[in-house]
Amino acid sequence: MTTFRIGEAAELLGVSADTVRRWIDSGRLAASRDDQGHRSVSGADLAAFARERASAPDAGSGTSSARNRLRGIVTAITKDQVMAQVDLQVGPFRVVSLMSREAVDELGLEVGSLGTAVVKSTNVVVERADR
C-alpha cells in the first residue's frame with residue numbers, strides 16, 4: 001500500500017504541512033503512525049480527500065463542461081500585434097496559454113493578477129512519477 005508522509009501529502013494537495021496536520025487532528029483526513037512514530041496518509045485516503053476537495057465548486061466558475069480548472073498567478077505576458085503568451089504559476093507548475101492579444105486586453109490580464117487555466121482535452125498523458 002502506498003503511503004505519504006505529511007510533507008508529501010501537503011505538496012500534492014498544494015497546502016502547507018501545518019494545514020495537513022490540522023486536517024488530520026480535526027478528523028477530516030485519516031492518518032496512521034509508521035514504525036518510527038511519524039504520521040502518514042494512505043494513498044487511497046489522500047486520493048479520496050483530494051477528490052472531495054476538488055468537487056467543491058470553484059468561486060466564480062460558472063457552468064462549463066471543462067473539469068480541469070487550475071488557479072494561479074500570472075507571471076509573464078508576451079504580446080505582439082495579434083497574439084499573446086500568458087504564463088501562470090499554478091503551485092509548482094508553469095502553465096502557458098497562447099491566445100489573442102485582444103483576449104488578454106479584454107480580460108484585463110497583467111503580471112500579478114489571478115487567473116484560472118481551464119483545460120478541456122481528449123488527449124491527456126499520465127505518467128507514473130517516481131518519488
Discussion item. Does Q81 have more than 12 heavy atoms from other residues, nucleotides or ligands lying within 6.0 Å of its CD?
Written reply: no
In terms of heavy-atom contacts, R5 and E8 come closest through N-OE1, 2.9 Å
Taking only distance into account, with no hydrogens and no angle test, what donor-acceptor pairs under 3.5 Å do side-chain atoms of residues 96-108 form with protein atoms, sequence neighbours excluded?
residue	atom	partner	partner atom	Å
S100	OG	A103	N	3.0
R101	NH1	D80	O	2.8
D105	OD1	K79	NZ	2.8

Separation between OG1 (T2) and CG (L46), nearest 0.5 Å, reads 10.5 Å
Quiz item: Would you say S113's side chain and L109's backbone share a donor-acceptor pair under 3.5 angstrom?
Solution: no
The complete set of ring pair (Phe, Tyr, Trp, His ring centres under 6.0 Å) pairs with one or both residues in residues 76-116, sequence neighbours excluded, reads none
d(T19 OG1, L13 CG) to nearest 0.5 Å is 10.0 Å
Closest heavy-atom pair, I6 versus A17, reported as atoms and distance to 0.1 Å, is CG2-O, 3.6 Å
Rounded to the nearest 0.5 Å, the CG atom of L70 sits from the CG atom of L88 at a distance of 9.0 Å
From the list I24, T3, D34, side chain to side chain contact (heavy atoms under 4.5 Å, CB included) with R39 holds only for I24
(Q) Under 4.0 Å between a side-chain nitrogen and a carboxylate oxygen: does that hold for D18 and R21? (A) yes
For V41 and A31 the tightest heavy-atom approach is CG2-CB, 4.2 Å
Worksheet item: R53 and V15: side-chain contact (heavy atoms from CB on, under 4.5 Å), yes or no, with the steps?
Response: CA-CA 12 Å; R53 286 190 70 227; V15 298; 4.2 Å; yes
Residues 12-48 vs ring pair (Phe, Tyr, Trp, His ring centres under 6.0 Å), sequence neighbours excluded, gives W23-F49
| said: side chain to side chain donor-acceptor pair (under 3.5 Å) for D87 and Q89? Distances and angles first, verdict last. | reply: CA-CA 7 Å; D87 292 31; Q89 193 65 36; over 6 Å; no
Of all heavy-atom pairs linking A30 and D45, the shortest is CB-OD2, 3.6 Å
Taken to the nearest 0.5 Å, the spacing of I73 CD1 from L114 CG works out to 6.5 Å
